[in-house]
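Report on one structure; see the data block that follows.
Values in this document were obtained by computation on a predicted structure and should not be read as measured data.
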Amino acid sequence: MKFRLGLVFLVLFQLGLSAQQTQAEKPAIIPQPAEIDWKDDFFILPERTVVCFNSGAELSAAWLQRLLQNTSTQSYTMRGEECNGFSLHLEPNLEDELGEEGYKLDITSSVVTLTAAKEAGLFYAIQTLRQMFPSEIENEKISGEIKLPQVSIKDVPRYKWRGSMIDVARSFFGPDYIKKHIDRMALYKLNKLHLHLSDDQGWRIEIKAKPKLAEKGGKSSVRGGRSGYLTQAEYKEIQDYAAARNIVIIPEIDMPGHIYAALMAYPELNCDENSNIDPKLATPPEMYHGHRVGWSNLCLDKPEIYDFVATVLGEVADITDGDYLHIGGDEIEDERYTEFVVKADSIVRGLGKTTIGWEEVTQAKVDSSFISQRWNGKTKSVVNTAIIESICSSFYFDHANETGQKMTNNWCQERGVNLKDVYTFKSKNPRTIGVEAPVWTEKVLSDTELDNRFWPRSIAVAEVGWSTEETKDYSNFIERLGEHGSRLEFMNVDYYKSPEVNWNLNTQNGVFSEFMPESKY
């Protein structure tokens, strides 16, 4: 009897252990898919496999083939509708069901099938699949067996705008960093990169008709920060790199305020006796290296400033493939402010682009196509526009990850903006088209510091922007996030190790890590 009870207990224990192992091996997918049904078995990556694709899915096949190059399998691509191994289906007739970015991912014992209506959807299906592979795949070849859990996923994003913003104006971050940031965004299905290209402290984009903007404004920065600027060729290269990863570049030329770098380069943009600069923290030809903003603006009494605005925006529009131009427009008090905003919006629309501006712009009767970027929620709008939520208490990542972090801002929320502040954000406005998290760089002076501010909070932004409220759960999120610690390290991200997360960092350790031999004799 005791033997039988012991045997029953052993079998139950082993079954429980097996169930735990199966559960533990389920990948931590971020953002949380809309529908996900895990099975009990696996697809084992064979020694040789094929990636087949139908018409239109050629580039997606190339992405998947690149992923498989970091495994021991020998893979090749071929055109075809069905095959054992990996099968990519581009099905335009599914657009009503999946939209432009949705996808289906089905893994059986013999086939991994990725289906979407648009190429963006296939790209995101590959990012989900990528997260099922061991994290080592990010920067080294995996020689061991790879088992992918069988699963059926149907996934569609909640919002079309899932953004990140780098302020390169105060302290300059160039093409190398921006490309790394784009790669990291892509893994988590973020799709808009907003570049704040001009401010009081610097001008960061080449304008060929106004060369002094970059020549002079590009030499300035916040105290201790980096100077420099993007040539138009570099901007286009970044844009192409982003587009390949389904990320749209949003250029911002801040106006009519936050404009001192331009006033320094072209003093004729100033009023007589520099009356448009108040207080006079700097006057042309001095550079400005301070932190304070809201003290400079174009001389709105001069009609010729609109020639300057049209020239600058025209060149930026010419080199921008995306549909959007951001005109800034915040923190200005001028009796001609609303007149300026309406004219600037008209100029942008005349260039075939959609205008974006910080929420203060909606004090003016801009066009109904205008997109308002909400950062403090205090503006009394006179128009109903689409809204990007960047409310500072949830999304301003220049603020501390946790209370007391050094070299961070605290003016919006003294204790900082932690992971839970980001993740639990809910928009109550039916006109919201998405979310975006900026990092202002007056106190962010190095790549390491910028990584620290963006990550892992940007991963929370990704889930807020992609996943439905019904599928979101903060406790589950931080559990999944912990499993991404090793992946972030393999990607060389200097992320902030939020203390509420149990980070999985073991994959970097060697076989003898923490081992101390003890003699048994």
Side-chain angles (χ1 to χ4, degrees), residues 164-185 193-207 210-239 241-242 249-254 258-265 281-282 284-293 295-296 312 316 319 326 328 396-401 405-409 437-455 457-458 491-496:
S164 181
M165 192 209 86
I166 306 178
D167 168 18
V168 297
R170 290 174 173 85
S171 186
F172 181 62
F173 291 83
D176 290 345
Y177 184 89
I178 294 172
K179 286 181 179 180
K180 287 180 183 178
H181 189 66
I182 287 168
D183 282 331
R184 297 159 182 178
M185 289 175 62
L193 177 57
H194 173 180
L195 296 177
H196 184 76
L197 293 167
S198 67
D199 214 297
D200 293 319
Q201 296 90 345
W203 187 282
R204 307 301 183 203
I205 185 69
E206 175 189 21
I207 303 296
K210 299 288 182 181
K212 293 179 184 178
L213 289 171
E215 290 171 4
K216 293 189 175 183
K219 292 178 180 178
S220 182
S221 71
V222 72
R223 191 172 293 106
R226 299 163 169 168
S227 58
Y229 66 91
L230 297 173
T231 66
Q232 292 193 8
E234 288 172 329
Y235 177 86
K236 291 176 183 177
E237 182 183 348
I238 290 168
Q239 184 172 240
Y241 192 83
I249 299 296
I250 315 297
E252 179 187 354
I253 304 297
D254 207 346
H258 291 254
I259 198 74
Y260 181 76
L263 302 178
M264 174 189 66
L281 301 180
E286 295 176 85
M287 293 181 182
Y288 175 63
H289 304 291
H291 291 176
R292 185 172 173 180
V293 294
W295 53 276
S296 72
V312 170
V316 175
I319 60 174
H326 200 303
Y396 266 31
F397 291 172
D398 48 301
H399 281 55
N401 284 279
Q405 185 178 13
K406 295 180 179 179
M407 287 296 286
T408 56
N409 286 324
V439 173
W440 303 100
T441 59
E442 59 264 47
K443 295 184 179 182
V444 182
L445 310 178
S446 69
D447 292 4
T448 296
E449 290 171 330
L450 193 49
D451 275 10
N452 176 282
R453 305 302 184 268
F454 272 126
W455 308 100
R457 290 181 292 187
S458 291
M491 293 173 69
N492 298 312
V493 182
D494 289 312
Y495 64 99
Y496 178 78

Review point. side-chain hydrogen bond (donor to acceptor under 3.5 Å, both in side chains) with His194: which residues, sequence neighbours excluded?
Key: Glu252, Glu436
Exercise for review: State which residues pass side-chain contact (heavy atoms from CB on, under 4.5 Å) with Asp183; sequence neighbours excluded, sorted by chain then number.
Suggested key: Tyr241, Arg245
Practice item. Scan residues 210-228 for pairs that pass side chain to side chain donor-acceptor pair (under 3.5 Å), counting only residues two or more places apart or in two chains. Key: Arg226-Asp447
Exercise for review: Supply the atom-to-atom distance Arg184 CZ to Asn492 CG, rounded to the nearest 0.5 angstrom.
Suggested key: 7.5 Å
Practice item. Would you please name every residue forming a ring-ring contact (aromatic ring centres under 6.0 Å, His included) with Tyr229, sequence neighbours left out? Key: none
Study note, to complete from the structure: Correct closest heavy-atom pair for Ile205 and Ala214 would be O-CB, 4.1 Å
Review point. With sequence neighbours excluded, what pairs up with Ser296 under the side-chain contact (heavy atoms from CB on, under 4.5 Å) test?
Key: Asp200, Ile259, Tyr260, Leu263
Review point. Quick one: does Arg204's side chain get under 4.5 Å of Leu195's, heavy atoms only?
Key: no
Exercise for review: Could you pull out all residues at least two apart from Asn452 that satisfy side-chain contact (heavy atoms from CB on, under 4.5 Å)?
Suggested key: Asn401, Gln405, Tyr496
Revision key, fill the gap. Applying ring-ring contact (aromatic ring centres under 6.0 Å, His included) to His258 and not counting sequence neighbours gives none
**Study point:** ring-ring contact (aromatic ring centres under 6.0 Å, His included) partners for Tyr495, two or more places apart
**Key:** Trp503
Check your understanding: Under a 4.5 Å cut-off applied to non-hydrogen side-chain atoms, are Arg453 and Asp398 in contact?
Key -> no
Exercise for review: Check whether any side-chain N or O of Arg457 sits under 3.5 Å from a backbone N or O of Phe397 as a donor-acceptor pair, and report yes or no.
Suggested key: yes
Exercise for review: Indicate the atoms forming the closest heavy-atom contact of Phe454 with Ala437, along with that distance.
Suggested key: CE2-O, 4.0 Å
Check your understanding: How long is the gap from CG on Leu197 to CD1 on Ile253, to the nearest 0.5 Å?
Key -> 5.0 Å
**Study point:** Closest approach of Pro175 to Ile238 (non-hydrogen atoms, all atoms of both residues)
**Key:** CA-CD1, 3.8 Å
Practice item. Report yes if the side chains of Leu193 and Ile178 come closer than 4.5 Å at any heavy-atom pair, otherwise no. Key: yes
Practice item. Identify, with sequence neighbours excluded, every residue that meets side-chain hydrogen bond (donor to acceptor under 3.5 Å, both in side chains) alongside Glu206. Key: none
Revision key, fill the gap. Rounded to the nearest 0.5 Å, the OG1 atom of Thr231 sits from the NZ atom of Lys236 at a distance of 9.5 Å
Point to revise | Partner of Asn409 by side-chain hydrogen bond (donor to acceptor under 3.5 Å, both in side chains), out of His399, His291, Glu442 | key: Glu442
Exercise for review: Could I get the full list of ring-ring contact (aromatic ring centres under 6.0 Å, His included) partners for His196, not counting sequence neighbours?
Suggested key: Trp440
Check your understanding: What pairs with Ala261 under side-chain contact (heavy atoms from CB on, under 4.5 Å), at least two apart in sequence or on another chain?
Key -> Trp203
Study note, to complete from the structure: Interatomic distance, CZ@Phe172 vs OG1@Thr441, rounded to 0.5 Å, equals 11.0 Å
Review point. Which pairs pass side chain to side chain donor-acceptor pair (under 3.5 Å) with one or both residues in residues 168-181, sequence neighbours excluded?
Key: Ser164-His181, Asp167-Arg170, Arg170-Asp199, Tyr177-Asp451, Lys179-Glu237
**Study point:** Expected output: side-chain Gln201 to main-chain Gly290 donor-acceptor under 3.5 Å
**Key:** yes
